[in-house]
Amino acid sequence: MWQLNSVSKLPIYLQIVDLIETKIMNGELLPEEKLPPERKLASMFGVNRSTVVRALDELTARAVIVRKQGSGTIVNAEKWGLFAGQSTNWRHYLTQGGFTPTVPYMRQIGITEKNHSDKMLDAATGELPLEMTPKLKTPSLSWQSFIAEEQLEDAAGYQPLRETIEKQMKESYGLNVRPEQILITSGAQQALFLITQCLLKPGDAVAIESPSYFYSLSLFQSAGLRIFALPMDSEGIIISELKDLYHKHRVKMVFINPTFQNPTGLVMSLQRRKELVQVCAHLQIPIVEDDPFSELAALDENIPVPLKQLDMENVLYIGSLSKIMGSTTRIGWLIGPAAVIERLALARNEMDFGLSIFPQVLANAVLNTAEYDVHLKQLQQILLERRDYLINALETVLPNELSYLKPAGGFHLWVHLPVAFRSIRDFDIFAKNNLLIMPGFLFGIKETIIRITFARLGEKEANKVAEIIKKIVIENKLFHQ
Ligand SMILES: Cc1ncc(COP(=O)(O)O)c(C=O)c1O
């Protein structure tokens, strides 16, 4: 039967590919057997001939079939034995599995950056650039002394590091936590992953700021969660919208990045923080406070207390060293009630046997050096300079044309452009001009807004970025005149 599966969500040409591969695997199509002509296949499947051609091209590329001049398309005899006897249909597993890969645009940005780093200006990658990572010395220990440290480790992580985090939380934010309330994670990302996998179930509704970095992650979709957007004003999320969402969809958890929010740079006001924790406590919705940037306040800026300090019980707090020491450090932490920490630690142990001892010992040593504070101050100073280079450059080339909020810290500038982009493909114009930025649609919004990561731009680069944006704005205006 040459019939496609009517309930499949795959594109038609891939359904044809699957059908032909299945026929070969079942032995319905034999080595060197001739396939029906393209026109006939098209009419059997009820599709355009071009769809059949695309499917046959794919099968030819996989060496499943061969096209022979004069004799039509036949099943590849060499491939057939392998195919029918041993090969696994990985496509089936890949499409059925629960994991959703990163959005293609994000992957494309990563690839373009890697392959063309010499000519591309990177204002997209949200990672600390190498020259801004600490030059602090790490302890030189024998392999055995590292391994010996495992005596001080349990499922929740390396004890001395948990004590250091405890001390840091007290000094930086006045937070009183005990080590058993701290789980060391492989970056903030693992903390988010453990929360979505272990504390929520598929179909649960969660509320997320709009725009938000979380839209660019696949872990919410992979956990089968329903995501609802929380609109923001200049003080943070609008609380009445959260109440509405709760009543309509029974929101189970709220994910907030209240300080130097990625992508907007916004700091949620103290008043709004208080309202948020009050409403969530009343509705019994736990809050996840994702806070990788708050140590990066521009010098002398006063940042409101963390949500965690306003409600120690109902807030799960996530911190990270990624933006201070480099994201490949892979050290983050989750602070929550001891029972939750214990449960997530056990779940993590089931998944990967716990964290490597090496980054934990090294991070602990570096966090306890006197020079660490000097590094942090220098980082704040450089970020402040880079923010101002970018803003000055943009204001010089496009005075009063762009709308943005001057962030009091963090890595990013969120800029509304005075252009009329009609589709997401229009954002390709930046890469064509050798500039990588993050378009707003990756963060869940439709307007023509871009995130520029100033952390990666010195003065010269900031000027170049501004010139490219000016060129794009002018060309777009001319085009629409
Ligand atoms: C708001 C926010 N949360 C979490 C992360 C992930 O951090 P980590 O590298 O610690 O996993 C990032 C990284 O850009 C971020 O911007």
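Ligands are counted one by one from 1 in listed order, and the atoms in each one are counted from 1 as well. Residue numbers run from 1 in the order of the sequence given.
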* Asked: Will you find, in the side chains of Glu153 and Gln360, an N or O donor that is under 3.5 Å from an N or O acceptor?
  -> yes
* Asked: Is the number of heavy atoms from other residues, nucleotides or ligands within 6.0 Å of OH (Tyr389) greater than 12?
  -> yes
* Structure fact -> Contacts of Phe293 meeting ring pair (Phe, Tyr, Trp, His ring centres under 6.0 Å) (sequence neighbours excluded), chain-then-number -> Phe411, His412
* **Within the 6.0 Å centroid threshold, strictly below: Phe421 and Phe427** => yes
* Asked: Relative to each other, are the rings of Tyr372 and His375 parallel, tilted or perpendicular (30° and 60° limits)?
  -> tilted
* **Aromatic centroids of Phe220 and Phe255 separated by under 6.0 Å** => yes
* Asked: Can you name the residues that come within less than 4.0 Å of ligand 1, going by heavy atoms only?
  -> Gly187, Ala188, Gln189, Tyr213, Asn257, Asn262, Asp290, Pro292, Phe293, Ser320, Ser322, Lys323, Arg330
